[in-house]
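Beneath this line is the structure, given in structure tokens, with notes to follow.
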Amino acid sequence: MPRGLISLLITAAWLAMMALLVHDHLLPHPIGRDAAEVAPPDLADDWVNIHDFMVIQRQGRSLGASVFALERLPDGSGHTVSERLRLDVGMTDLTLEGAAELDADLQLERLWARLSSPLFRFTLRGQVDGDRLLLVLNGPLGQRHFSQTLGEPITLLDAARPRMFESIELEPGRSYRIPSADLFGQFAVSDLVLEVRDYGLVETHQGSLPAYEIATEYAGVASSVWVDEDGRLIRQPLWGDIVLERSAKRFLEIHYADLLEPAVVPDFDLTELEGEVTWSDLGSGFLSLRQIAQETVP
């Protein structure tokens, strides 16, 4: 073979190897390219109730707390979700209360959420009716009705995420995907995508803790969380330099005792809603908790 051709082949092979190196290690890429599909019923196996007590931190200063509970009903017929969060931002406070009812397969049935401060108050009620998610929003501009057609049964993001962390194989490179509705934070219906990253140390207000980093993406928003070897949440960024970090229940009993009372879905029936607007058309008509916090926290 001519020497020039050999040199050309060697050069081409070297360039190909460099291109693969850059693609795999230097260039950003969407997470979950080979994500394993997970259905809500898959998360109902090997059940353990989840109770998370978290403190909201900003540069070592406590701004609030969050309490989350995901429990199976004693008769096994369904599950309940309860979440309470308070964020103290100096001149005003943000309070989020949410509750949901899920069936035996962790599929969403009904939910209720209230987001409030001294300046505003929003209340959201939701119910799955066949292949539709029906929603009623009450806020400063009055009441609005919405609907979202569901292509498949969904679970609640706040239930799916902790169950995924505890159920998946925490092996770097593994990725998973599950359809869910986030109606306590981003107010969207989308796929939650997770990808397990490396195991190492993460800095918290309790010091350095060993943890797996898990990259997440939901409704176009990418983030990372850190969990221990059992999949229990250690640290989760919220907005900017504000983070959620694991705390002892005793700390909340002393400083945020009101958050320990579980939220409950009130009685309502939305199946007779009329004049509905597609939920995805809501646009800027309703600020999410993330947007409100970004605009409120100095």
Side-chain angles (χ1 to χ4, degrees), residues 43 47-58 60-74 78-89 92-102 106 108 110-117 121-124 126 155-166 180-187 192 204-206 209 211 216 223 225-228 230-239 242-266 288-290 292-293 296-297:
L43 300 182
W47 185 261
V48 176
N49 289 339
I50 295 174
H51 298 88
D52 286 334
F53 305 98
M54 311 294 290
V55 62
I56 303 176
Q57 293 276 317
R58 185 184 195 185
R61 182 166 64 96
S62 295
L63 299 180
S66 171
V67 176
F68 171 82
L70 172 60
E71 299 179 324
R72 175 170 285 175
L73 297 177
H79 303 81
T80 61
V81 175
S82 172
E83 185 167 10
R84 290 183 182 270
L85 178 150
R86 187 163 77 241
L87 176 62
D88 304 325
V89 289
T92 187
D93 296 339
L94 289 175
T95 300
L96 173 67
E97 304 167 82
E101 298 170 350
L102 313 177
L106 280 181
L108 179 63
R110 297 196 313 149
L111 65 95
W112 170 85
R114 179 167 59 202
L115 177 63
S116 58
S117 82
R121 181 187 179 107
F122 292 100
T123 302
L124 181 70
T155 187
L156 190 70
L157 178 66
D158 290 65
R161 188 161 39 198
R163 279 300 295 162
M164 291 276 277
F165 294 159
E166 292 195 359
S180 56
D182 178 14
L183 300 170
F184 295 160
Q186 290 177 245
F187 304 98
L192 168 66
T204 74
H205 70 284
Q206 297 177 326
L209 298 176
T216 72
S223 184
V225 300
W226 285 263
V227 303
D228 63 19
D230 296 321
R232 302 304 301 272
L233 185 63
I234 292 177
R235 189 175 192 269
Q236 175 184 339
L238 291 181
W239 318 282
I242 299 176
V243 298
L244 270 177
E245 292 184 355
R246 181 190 294 174
S247 179
K249 181 180 180 181
R250 181 58 180 162
F251 177 83
L252 273 73
E253 288 175 337
I254 296 173
H255 300 284
Y256 299 97
D258 57 308
L259 298 181
L260 297 174
E261 186 70 23
V264 179
V265 179
S288 71
L289 177 61
R290 177 186 295 272
I292 291 172
T296 304
V297 179

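The residues of the chain are indexed from 1 along the displayed sequence. For clarity, every value in this text was computed on a predicted model and none was experimentally measured.
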Determine whether a donor-acceptor pair (N or O, by modelled atom type, separation under 3.5 Å) exists between the side chain of [X] and the backbone of [Y].
X      : Y      : result
Arg84  : Glu261 : yes
Arg232 : Glu166 : no
Asp228 : Asp230 : yes
Thr155 : Leu106 : yes
Arg110 : Pro266 : yes
Ser82  : Ala263 : yes

request  = Quickly, which of Leu96, Val67, Leu94, Thr95 forms a side-chain contact (heavy atoms from CB on, under 4.5 Å) with Leu85? Name it, please.
outcome  =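 Of the listed residues Leu96, Val67, Leu94, Thr95, the side-chain contact (heavy atoms from CB on, under 4.5 Å) partner of Leu85 is Leu96.
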ask   = Do Leu252 and Ser247 have side-chain heavy atoms sitting under 4.5 Å apart?
value =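 They are in side-chain contact.
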query = Is Thr204 close to Trp226 at the side-chain level, that is, under 4.5 Å between some pair of heavy atoms?
reply =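 No, side chains not in contact.
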To the closest 0.5 Å, what do you measure between [atom1] ([X]) and [atom2] ([Y])?
X      : Y      : atom1 : atom2 : value
Arg58  : Leu63  : CZ    : CG    : 7.0 Å
Asp52  : Leu244 : CG    : CG    : 9.5 Å
Lys249 : Ile254 : NZ    : CD1   : 12.5 Å
Leu108 : Leu157 : CG    : CG    : 11.5 Å
Ser117 : Leu87  : OG    : CG    : 10.5 Å
Leu124 : Leu115 : CG    : CG    : 10.0 Å

inquiry  = If you apply the rule side chain to side chain contact (heavy atoms under 4.5 Å, CB included), what do you find for Leu111 with Val265, and how did you get there?
reply    = CA-CA 6 Å; Leu111 65 95; Val265 179; 5.6 Å; no
If every non-hydrogen atom of [X] is compared with every non-hydrogen atom of [Y], which pair is closest and at what distance?
X      : Y      : result
Val55  : Gly64  : CG2-O, 3.4 Å
Met54  : Ile234 : CE-O, 4.0 Å
Trp112 : Val264 : CE3-O, 4.0 Å
Ala159 : Leu102 : CB-CD1, 3.7 Å
Ala181 : Leu156 : O-CD1, 3.3 Å

ask   = Side chains of His205 and Gln57: donor-acceptor distance under 3.5 Å anywhere?
value =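 Note: His205 and Gln57 side chains miss the donor-acceptor criterion.
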query = Under 30°, 30 to 60°, or over 60°: which ring-plane class applies to Phe53 and His51, parallel, tilted or perpendicular?
reply =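 Rings of Phe53 and His51: parallel, under 30°.
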ask   = His79 pairs by side-chain hydrogen bond (donor to acceptor under 3.5 Å, both in side chains) with which of Arg72, Glu71, Arg163?
value =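 Only one option passes, and that is Arg72.
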